[in-house]
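Written out below as structure tokens is the structure these notes cover.
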Amino acid sequence: MPTPIRLIVTYLATAIAFAAVDYIWLTQFGPALYFPTLESVALPTARMGPAVVFYLAYMLGLVTLAIWPNRDKPLLATTINGGLLGAMCYATYDLTNQATLKVWSTQITITDIAWGTFVTAVGATVGGFVLKRLSKA
């Protein structure tokens with residue numbers, strides 16, 4: 001299969017896996033974590049435009065920085081690199097918010113960084129698995 005097609009399919013698989021897991025978090029568990037602290041400043045529903053731009057860009061970064069560079073390594077390398085990328089990205093967001101916002105809490109920071117590590121590792125693992133399968137075809 002040509003490389004551009006493999007990358008597109010890998011990107012889509014990564015995005016679907018990430019979005020599915022993140023949707024469960026954001027709808028089932030996230031409100032109990034975020035809203036007690038952030039309710040006074042949070043929107044009742046997210047603005048979809050910026051959310052879509054984030055997901056599109058984040059998936060591109062995940063494929064470019066964690067999945068593609070590890071295409072010839074064991075899948076565990078992709079999972080670990082995805083988790084590290086997630087930890088760094090979510091830490092950047094959470095620690096900046098904790099440093100600059102009156103309403104941010106340490107509990108949100110720790111939980112959200114752990115979540116970002118996990119969900120990004122899951123996305124990387126699925127994307128890496130798909131890429132490896134397509135590379136054998």
Working to the nearest 0.5 angstrom, can you tell me the gap between [X] [atom1] and [Y] [atom2]?
X: Ile80; Y: Asn70; atom1: CD1; atom2: CG; answer: 9.5 Å
X: Thr37; Y: Ile108; atom1: OG1; atom2: CD1; answer: 4.0 Å
X: Gln98; Y: Ile113; atom1: CD; atom2: CD1; answer: 8.5 Å
X: Met59; Y: Ile67; atom1: CE; atom2: CD1; answer: 8.5 Å
X: Trp25; Y: Trp115; atom1: CH2; atom2: CH2; answer: 6.5 Å
X: Asn81; Y: Thr120; atom1: CG; atom2: OG1; answer: 12.0 Å

Which heavy atom in [X] sits nearest to a heavy atom in [Y], and how many Å separate them?
X: Leu85; Y: Tyr58; value: O-OH, 4.2 Å
X: Val119; Y: Asp22; value: CG2-N, 4.1 Å
X: Ala124; Y: Gly82; value: CB-CA, 3.7 Å
X: Pro36; Y: Pro31; value: CD-O, 3.4 Å
X: Leu65; Y: Pro69; value: O-CG, 3.6 Å
X: Arg71; Y: Lys132; value: O-NZ, 2.9 Å

**Request:** Go through the steps to decide whether Thr78 and Lys73 satisfy the test side-chain contact (heavy atoms from CB on, under 4.5 Å), and finish with yes or no.
**Result:** CA-CA 8 Å; Thr78 304; Lys73 296 178 183 171; 5.9 Å; no
**Prompt:** Between Trp104 and Tyr93, does the ring centroid distance fall short of 6.0 Å?
**Reply:** yes
Is there a continuous path of hydrophobic side-chain contacts, each under 4.5 Å between heavy atoms, that joins [X] to [Y]?
X: Phe35; Y: Leu38; value: no
X: Phe29; Y: Leu33; value: yes
X: Leu43; Y: Val41; value: no
X: Val130; Y: Ile5; value: yes
X: Ile16; Y: Leu7; value: no

Would you indicate whether the side-chain heavy atoms of [Y] and [X] approach each other to under 4.5 Å?
X: Val126; Y: Thr14; answer: no
X: Thr117; Y: Leu84; answer: no
X: Tyr11; Y: Thr64; answer: no

**Request:** Would you indicate whether Tyr34, at its atom OH, is surrounded by more than 12 heavy atoms from other residues, nucleotides or ligands within a distance under 6.0 Å?
**Result:** yes
**Side-chain donor/acceptor of Tyr55 to backbone N/O of Phe18, under 3.5 Å** =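 Not at all, since once roles are kept as given, no pair shorter than 3.5 Å links the two residues.
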**Request:** Begin from the C-alpha positions of Trp68 and Arg6 and carry the test side-chain contact (heavy atoms from CB on, under 4.5 Å) through to its verdict.
**Result:** CA-CA 10 Å; Trp68 185 255; Arg6 285 188 299 154; 3.9 Å; yes
**Message:** Evaluate Ile110 against Thr106 for side-chain contact (heavy atoms from CB on, under 4.5 Å), listing each step before the verdict.
**Reply:** CA-CA 6 Å; Ile110 292 168; Thr106 301; 3.6 Å; yes
